[in-house]
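Some notes on the structure that comes next.
Quick note on labels: first sequence line is chain A, next is B, and so on, each numbered from 1. Only this structure's heavy atoms are used, side chains among them; waters, hydrogens and symmetry mates stay out.
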Amino acid sequence: METTPADNKLSGTGNFIHNYIQDDLKGLLHKVHTRFPPEPNGYLHIGHAKSICLNFGLAALYGGQCNLRFDDTNPATEDKEYVKAIIDDIRWLGFDWADRLYFASSYFDKFYEFAVLLIQKGKAYVCDLTPEQIREYRGTLSSPGKHSPYRDRSVDENLALFEDMKNGVFADGSKTLRAKIDMDSPNINLRDPILYRIAHLTHHTTGDTWCIYPMYDYAHPIEDALEGITHSICTMEFEDHRPLYDWVIDEIGFEQKPRQIEFAKLNLANTIMGKRFLKTLVLENKVDGWDDPRLVTLSGIRRRGYTPESIRNFCEMIGVSKASSVVELSQLEYSIREDLKAKVNVLMAVLDPIKVVLTNYPEDQTEMLVIENSQENETLGTREVPFTRELYIERDDFMEEPMKKFFRLAPGKEVRLKGAYFIKCEEIIKDADGHIQEIHCTYDPETKSGSGFEGRKVKGTIHWVSKAHAVPMTTNLYNALTIPDAEAEAGYTFNPESLVVMKQAVIEPAVRQYASSLRFQFIRNGYFYLDEKVSDVQNDTFVFNRIVSLKSSFKG
RNA sequence: UGGGUUGUCGCCAAGCGGUAAGGCACAGGACUUUGACUCCUGCAUUCGAAGGUUCGAAUCCUUCCAGCCCAGCCA
C-alpha cells in the first residue's frame with residue numbers, strides 16, 4: 001500500500017515541526033494557525049519560498065489557516081513597491097490567504113496601549129541613554145551589563161515621557177522605551193531590550209501619524225497573539241529571542257499563547273541570497289533588475305522559467321530541520337526537469353549553427369516530416385517539420401577529429417538526423433583561414449524515419465533545422481552568478497560569464513504555433529522559457545531563457 | 001572565555017531503546033531516432049569522538065571535539 005507524504009506527516013514521520021504540532025493537537029490545541037510575515041523591504045527569494053511553503057503547507061495539512069502579514073515596523077527600509085511584489089510572488093507560488101492580509105502597522109495603536117500597560121506594571125521604562133551608551137551598558141557576550149541610570153524612573157514619569165515620545169517632543173535617538181528584564185542575563189536579548197524607538201519618518205501605510213515605532217521583538221509576539229497564531233515559525237537566528245517573545249506574551253497577559261518554532265533557513269550551494277549583494281548587482285546594472293533570470297529572487301526564478309509546482313516540490317523534497325545545511329543546485333534542477341518532462345513540447349533548435357549541405361538531395365525539394373511532440377507524453381501529438389537540402393546542425397555535433405567515444409558527425413561517419421535520414425559526412429568546406437564554412441554530406445533515402453529500415457545502425461541521432469525555414473531567435477544561457485575569488489573580501493565576485501547570449505540560434509517554424517505554451521524542451525539542449533518581457537511573438541522576435549540543461553552522461 | 005543551538009552516506013533528511021527509511025548526486029547495466037526519459041543494480045556493520053548504563057544504544061548518561069547564531073534605537 002502506498003503512502004503519500006501527507007500520510008507520513010500525519011502519522012508522525014516527517015519533520016520536527018509536525019511532531020510538535022501533533023503533540024500540541026493531542027493537548028488543548030484544536031487548530032493550527034500560522035503566518036508568513038515578510039518585511040516589505042526587498043524582494044522575496046527562494047529561501048522565503050521554503051518558509052512560505054512551510055507555513056501555508058502546514059496550515060493546509062492540518063486544516064488550519066495561514067495569514068500573510070507584512071511586518072512593517074521599520075519605515076526606514078520599507079516601501080509599498082515591495083508589498084506589491086511580495087504579494088505577486090506568493091500568489092505565483094500558488095498560495096492564498098483569503099481575507100487574512102495584515103500589516104503590523106495596523107496594530108500600532110495596540111502596541112502603544114500594551115506599552116502603556118507594561119509601564120504601569122513597572123515592566124518598561126523610558127531611557128535617555130544614547131545609542132553608544134546603550135551598547136556600552138549592555139555588556140558583552142561574556143560579561144554582564146549594568147543598569148541604566150533611568151531604569152528606576154517612576155511609573156508616572158515614564159508614562160508622561162512615553163506620551164511625549166509619541167507626541168514628537170523628542171529627537172530621533174534621544175530616548176527609547178525599554179523592557180525592564182535583567183541586565184545580568186547571559187542572554188543578551190534579555191538585557192533590557194528596546195521596545196520602541198523614535199523615528200520621524202513617513203510610514204508607507206500610516207504616513208506621519210507616528211514618530212515612534214515598535215521593535216520586532218516587541219511587536220511580533222503581539223501580532224501573533226492578536227491574530228490567534230498558534231505556531232509562529234521563524235528561522236534559527238531567533239532562537240535566543242524566544243525567551244523575550246514569551247516574556248512579552250506573558251507580561252501582557254495573552255491567554256492563548258502562540259508558540260515560536262525555529263527552523264534552519266535554506267542555503268543553496270554557490271548561490272548568494274544576501275540582499276546587499278543582490279541590490280548592488282541591480283544598482284550597478286550588472287543584472288537586468290530584480291527579475292534577472294540569474295537571480296534566485298522569486299521573480300528571477302519565475303522569469304527564468306521555473307514553475308511554481310517545481311518550487312513547491314523542491315521545498316517539499318529538501319525537508320525542514322534545525323541543522324544548518326547547504327542544498328545542492330542539482331536538487332533544484334531535478335525538481336524542474338521532473339515537472340516539465342512530461343508537460344512540454346520538444347522542438348528542435350540549434351543554438352550554435354553550422355551549415356550542412358546534403359549534396360544528393362534535390363535542390364528544390366521540401367519534405368514535411370511528421371515528428372512526435374514528446375516521447376514522454378503521446379497526448380501532445382505530432383507536428384510537421386520541413387526538411388530540405390540545406391540544414392543547420394549544432395556546431396558541437398561535428399568533430400573534424402573525433403575523440404574515441406564520439407557518436408555524432410565526423411568525416412566519413414554516419415548519424416541520424418532526428419525524424420529524418422541517415423547522413424554521412426563526405427567533405428568539409430573551409431575558408432582561407434581554415435575555419436569550417438559548411439559540411440557536405442550525403443543522405444540515404446532508404447533510412448527515412450518510420451520506414452522500418454534495419455539495414456544498419458547508427459550510434460548518434462542529432463537535431464537540425466532547415467536553413468530555408470529557420471526562425472532566428474536569441475537564447476540566454478546561464479552560468480553561476482559568482483565565481484570564487486580569494487582576493488575579494490566576500491570570497492567571491494560577479495561572474496561576467498554568468499550570462500551567455502546565443503544570438504545566432506535558430507529554431508524550427510513550429511515555434512510560432514506553439515509559442516503560447518511558453519515552456520519547451522529544445523531537444524538535447526535543455527528546457528527553455530519564452531521571455532515575454534523581451535519577446536514579440538507577433539513580430540517573430542523570440543528570446544528564450546534556458547531554465548536548465550538536460551542531464552548528460554556524455555563525457556566530452 | 002558567556003548564552004543558545006546543531007552534528008546520521010558527497011548533499012538534503014527520516015529515525016524518539018529493539019538492531020540505519022527516502023530523495024538528490026554518483027557508478028555500473030538494460031532500453032533508446034534526445035549520450036534525455038524509463039528500468040534494473042550498487043552506494044553508512046555504522047550514526048562527531050571516547051567512555052558508561054542495558055540482553056540490546058544513532059536513540060539514555062558522562063566527558064570531550066567541531067560547526068552555526070547572539071553584543072542594531074534591523075527583521
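Spacing between G15(B) and U8(B) at atom C1', rounded to whole Å, works out to 9 Å. A gap of 16 Å separates the C1' atoms of C69(B) and C74(B), to the nearest Å. Straight-line distance between the P atoms of A20(B) and G48(B): roughly 16 Å, to the nearest whole Å. Going from the P atom of G28(B) to that of A66(B) covers 39 Å, rounded to whole Å.
Using a 30° and 60° split on the angle between ring planes, Tyr43(A) and Tyr82(A) fall in the perpendicular class, above 60°. By the 30° and 60° cut-offs, the orientation of the rings of Phe544(A) relative to Phe522(A) is perpendicular.
Within the 4.0 angstrom heavy-atom criterion, only backbone atoms of the sugar-phosphate kind lie near Glu239(A); the bases stay farther away. Residue contacts for Ile462(A): at a heavy-atom cut-off of 4.0 Å it reaches no nucleic acid atom on any strand shown. At a threshold of 4.0 angstrom between heavy atoms, the contacts of His463(A) with the nucleic acid are absent. Within the 4.0 angstrom heavy-atom criterion, base atoms lie near Arg416(A). Nucleic acid contact class of Leu129(A) (heavy atoms, under 4.0 Å, all strands): base. Ser321(A) comes within contact range of the sugar-phosphate backbone alone, with a heavy-atom separation under 4.0 Å but no base atom that close. Contacts of Tyr216(A) with the nucleic acid, taken as non-hydrogen atoms under 4.0 Å apart, include base atoms.
Across all strands shown, A44(B) forms no Watson-Crick or G-U wobble pair with both key distances under 3.5 Å. Using the Watson-Crick or G-U wobble rule with both distances under 3.5 Å, C11(B) pairs with G23(B).
Across U6(B), A25(B), C73(B), the shortest atom-to-atom separation from the side chain of Lys551(A) is found for A25(B).
Between the side chain of Arg408(A) and the base of G35(B), a donor-acceptor pair under 3.5 Å is found. No N or O donor and acceptor, one from the side chain of Asn187(A) and one from the base of G4(B), sit under 3.5 Å apart. With hydrogens and angles ignored, no donor-acceptor pair closer than 3.5 Å exists between the side chain of Glu262(A) and the base of U5(B).
Nearer the 5' end of RNA chain B, as judged by each residue's closest nucleotide, is the contact made by Asn525(A), out of Asn525(A) and Thr73(A).
Remark: the backbone N or O of Asp192(A) is paired with a side-chain donor or acceptor of Arg178(A) at under 3.5 angstrom. A donor-acceptor pair under 3.5 Å links the side-chain atoms of Thr34(A) to the main chain of Asn55(A), judged by distance alone.
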Salt bridge (charged side-chain N to carboxylate O under 4.0 Å, His left out) assessment of Glu227(A) paired with Arg35(A) | CA-CA 9 Å; Glu227(A) 291 176 19; Arg35(A) 104 267 90 119; over 6 Å; no
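In this pair, Phe407(A) lays its aromatic ring flat on the base of G35(B), centres within 5.5 Å and planes under 30 degrees apart.
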